[in-house]
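Below is one structure; the comments refer to it alone.
Below, chains carry the letters A, B, ... as their sequence lines are ordered, and counting in each starts from 1. The analysis underlying the following values was restricted to heavy atoms, covering all of them including side chains, and did not include hydrogens, waters or symmetry mates.
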There are 2 protein chains.
Amino acid sequence: MARATATTEDSLSSELIRAAGVKVTRGRVRVLDALRAARQPLSHAEMEALPAGAGDAAIDRVTLYRVLDSLVACGLALKAVDTRGVFRFSAAGSQRQHAKHVHFRCTGCGGVFCLKAEPPPPPRLPRGFRLQQVEFDLRGLCAGCGAGTS
Amino acid sequence: MARATATTEDSLSSELIRAAGVKVTRGRVRVLDALRAARQPLSHAEMEALPAGAGDAAIDRVTLYRVLDSLVACGLALKAVDTRGVFRFSAAGSQRQHAKHVHFRCTGCGGVFCLKAEPPPPPRLPRGFRLQQVEFDLRGLCAGCGAGTS
DNA sequence: CCACTAATGCAACAGTGTTGCATTTGAAGG
DNA sequence: CCTTCAAATGCAACACTGTTGCATTAGTGG
């Protein structure tokens with residue numbers, strides 16, 4: 001019974017990992033599962049506190065760093081830095097939907113808000129430059145944090 | 001002799017600090033001098049290795065952090081995070097010239113290039129949101145780093 | 001010149017990320 | 001099914017960045 005359910009969500013992550021040409025391990029599957037299920041990029045600390053899924057032992061701190069690195073290396077995850085200087089990771093696929101709109105980062109609470117507006121077209125680049133990613137970030141205070149200020 | 005030269009560059013930083021309403025100390029003057037002279041935002045580590053100017057002792061690590069915090073608090077310096085997750089500081093005035101154009105960050109060498117193009121106008125924000133800063137960053141490979149790739 | 005607060009220096013600590021090395025495990029092949 | 005081997009894991013220890021507490025020093029205003 002419990003075996004059958006394992007072939008619903010897990011297997012997709014396993015499949016992605018296998019397709020990427022690296023070993024399929026419990027750690028990688030669990031981490032990629034968590035990243036794909038998350039609505040926002042996760043920090044290492046947040047992932048370390050994962051509920052351990054099906055009674056598995058918690059993932060080792062260092063192993064988690066290496067699992068994340070391997071997922072980034074094979075293109076399944078993306079690595080970015082948040083405003084506090086901490087690395088955050090997201091599943092590669094989920095990022096595609098975020099590429100289409102603008103982010104507002106609150107300097108008060110650190111929250112990230114997705115705005116409806118599309119990012120403007122990138123300007124012309126110098127010869128030889130290759131564009132990989134466009135980031136249009138607005139900084140400021142969100143409605144909650146700005147309420148107290150005059 | 002050596003005293004007279006101190007009234008050339010230093011005094012402008014001193015003046016700025018005095019005008020900001022905080023105490024004028026050697027540490028703050030030296031740090032603000034360094035920030036104003038730098039062409040790029042400086043990290044804490046880079047500033048700790050400052051040549052110690054006029055034979056002064058090197059600044060204490062913790063004091064440097066507090067000096068930077070105080071300069072940020074009174075609006076004379078700006079604090080940002082680089083791609084490695086390290087805080088970088090810049091003099092407040094020098095940033096104004098950087099606000100007017102787009103940056104290209106090379107994911108290969110970590111270099112930052114200033115493009116001529118102006119950042120596009122920010123989109124409409126939800127009610128209560130207050131905009132402080134607009135960041136339009138492009139990521140990719142610069143001419144040097146992209147040359148090797150097919 | 002004095003007094004008082006802010007700033008400094010030192011020590012110790014916390015969080016984040018890395019390295020080395022022995023052990024375990026996934027995947028391939030007999 | 002068993003063997004084999006590289007890759008992945010777990011553990012310990014470390015490096016770097018940033019912070020906190022507290023005693024001492026040094027600006028600033030009177």
Side-chain angles (χ1 to χ4, degrees), chain A residues 6 10-11 13-33 41-50 52-53 56-74 76-89 110, chain B residues 6 10-11 13-33 41-50 52-53 56-74 76-89 110:
Chain A
D10 291 345
S11 63
S13 291
S14 306
E15 213 55 48
L16 289 168
I17 295 168
R18 194 184 328 277
V22 295
K23 282 191 185 175
V24 180
T25 66
R26 263 182 310 160
R28 283 181 185 162
V29 174
R30 268 175 63 190
V31 170
L32 186 54
D33 259 354
L42 299 176
S43 69
H44 175 274
E46 287 162 358
M47 281 184 265
E48 211 183 343
L50 280 182
D56 275 329
I59 301 182
D60 180 68
R61 230 171 62 82
V62 177
T63 300
L64 179 51
Y65 275 113
R66 292 198 264 231
V67 164
L68 289 168
D69 278 347
S70 72
L71 290 179
V72 170
C74 69
L76 290 176
L78 295 169
K79 188 180 189 176
V81 175
D82 73 5
T83 52
R84 293 207 336 274
V86 178
F87 289 129
R88 290 188 167 271
F89 300 85
Chain B
D10 291 345
S11 64
S13 291
S14 306
E15 213 55 48
L16 289 168
I17 294 168
R18 194 186 326 279
V22 296
K23 283 191 186 176
V24 180
T25 67
R26 265 183 309 162
R28 283 181 187 162
V29 173
R30 267 175 62 190
V31 170
L32 185 54
D33 261 354
L42 298 176
S43 70
H44 176 275
E46 286 162 358
M47 282 184 264
E48 211 183 344
L50 279 184
D56 276 328
I59 300 182
D60 181 69
R61 230 172 62 81
V62 177
T63 300
L64 179 52
Y65 276 114
R66 291 200 266 230
V67 163
L68 289 168
D69 278 347
S70 72
L71 290 179
V72 170
C74 69
L76 291 176
L78 294 169
K79 188 180 188 176
V81 174
D82 73 5
T83 52
R84 293 208 335 276
V86 178
F87 290 128
R88 290 188 167 272
F89 300 84

### Query
Hey, does A:Arg28 reach any base, or is it just sugar-phosphate, or nothing, if we go heavy atoms under 4.0 Å?
sugar-phosphate

### Message
How many whole angstroms separate atom CZ of A:Arg26 from atom P of C:dG26?
### Response
7 Å

### Query
Given the rule in the side chain to side chain contact (heavy atoms under 4.5 Å, CB included) test, do A:Leu16 and A:Leu32 qualify, once you have shown the distances and angles that lead to the verdict?
CA-CA 9 Å; A:Leu16 289 168; A:Leu32 186 54; 4.1 Å; yes

### Task
Mind checking the CD1-CG spacing from A:Ile17 to A:Asp33? Nearest 0.5 Å is all I need.
8.0 Å

### Query
Could you state the CZ-P distance from A:Arg84 to C:dG15, rounded to the nearest angstrom?
11 Å

### Task
Heavy atoms only: give me the nearest A:Val29-A:Ser14 pair and the separation to one decimal.
CG2-OG, 3.5 Å

#### Entry: Given DNA chain D, 5'-ward residue of the pair B:Lys79 and A:Val62, judged by closest heavy atom
A:Val62

### Query
To the nearest angstrom, how far is A:Glu46 atom CD from C:dG15 atom C1'?
14 Å

### Task
Check whether any side-chain N or O of A:Arg28 sits under 3.5 Å from a backbone N or O of A:Lys23 as a donor-acceptor pair, and report yes or no.
yes

### Which residue lies more 5' along DNA chain D, comparing A:Lys23 with A:Leu64 via nearest heavy atoms
A:Lys23

### Task
Can you tell me the distance, in whole Å, between the CG atom of A:Asp60 and the P atom of C:dA22?
17 Å

### Query
Got B:Met47 and B:Leu68 here, is their nearest side-chain heavy-atom distance under 4.5 Å?
yes

### Query
How many Å lie between CD1 on B:Ile59 and P on C:dA7, as a whole number?
15 Å

### Message
Pick the closest DNA chain C nucleotide for A:Arg61 and for A:Arg66 by heavy atoms, then say which residue is nearer the 5' end.
### Response
A:Arg61

### Query
Going through the checks in order, is the side chain to side chain contact (heavy atoms under 4.5 Å, CB included) test met by B:Asp69 and B:Lys79?
CA-CA 9 Å; B:Asp69 278 347; B:Lys79 188 180 188 176; 3.9 Å; yes

### Task
Return the minimal non-hydrogen interatomic distance between A:Val81 and B:Gly85, and the atom names on each side.
CG1-CA, 3.7 Å

### Task
Please examine the side chains of B:Val31 and B:Leu71, heavy atoms only from C-beta on, and report whether any two atoms are closer than 4.5 Å.
yes

### Message
Is the distance from the ring center of A:His44 to that of A:Phe87 below 6.0 Å?
### Response
no

### Message
Whole angstroms only, please: what is the CZ-P distance between A:Arg18 and C:dG26?
### Response
12 Å

## Note on the structure
Outermost contacting nts on DNA chain D, any atom under 4.0 Å from chain A heavy atoms, listed 5' then 3', are D:dA6 to D:dA12

### Message
So B:Thr63, base contact, sugar-phosphate only, or nothing? Heavy-atom distance under 4.0 Å.
### Response
base

### Query
End-to-end bend of the helix from C:dC1-D:dG30 to C:dG30-D:dC1 (five-pair axes, 10° rounding)?
30°

